[in-house]
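Before any comments, here is the structure.
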Amino acid sequence: MEPEETDLQTWACTWCGGAAEDEESLLDHQEWCLGDARSNSRLIAEVGLRDGELTQEALVAEAKKRRERA
Ligand SMILES: [Zn+2]
């Protein structure tokens, strides 16, 4: 597959350096972003293992716990 030349803007998260597809995805992401890519990966992996799926609500709730603990 050829890399597509698009004029689609990439929405970068200034906290963790991650990229989102659009502004809405970025805002959803920032509701649970922990500020660095490694912590985010761990959060996603742990919620995924625990719940068997990833939901916005679960990610936000878990991120909130971690922020309070930190
Ligand atoms: Zn982020």
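Order of appearance sets the numbers: ligands from 1, and atoms from 1 within every ligand.
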inquiry  = What protein N/O/S atoms are there under 2.8 Å from the Zn ion (ligand 1), waters excluded?
reply    =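 Near the Zn ion (ligand 1), the protein supplies Cys13 SG, Cys16 SG, His29 NE2, Cys33 SG.
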ask   = Between Trp11 and Asp22, what is the shortest heavy-atom contact and its length?
value =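 Residues Trp11 and Asp22, closest heavy atoms: CD1-CA, 3.2 Å.
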Using atom types as modelled, flag every donor-acceptor pair under 3.5 Å from a side chain in residues 43-61 to any protein atom, sequence neighbours excluded.
unit_1	atom_1	unit_2	atom_2	d
Glu46	OE1	Arg66	NH2	2.4
Arg50	NH1	Glu62	OE1	3.1
Thr55	OG1	Ala58	N	3.1
Gln56	NE2	Asp28	O	2.9
Gln56	NE2	Glu31	OE2	3.4

query = Do Trp15 and Asp36 have side-chain heavy atoms sitting under 4.5 Å apart?
reply =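 No; the side chains remain at least 4.5 Å from each other.
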ask   = Are side-chain heavy atoms of Cys16 and Leu34 found at a separation under 4.5 Å?
value =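 No, side chains not in contact.
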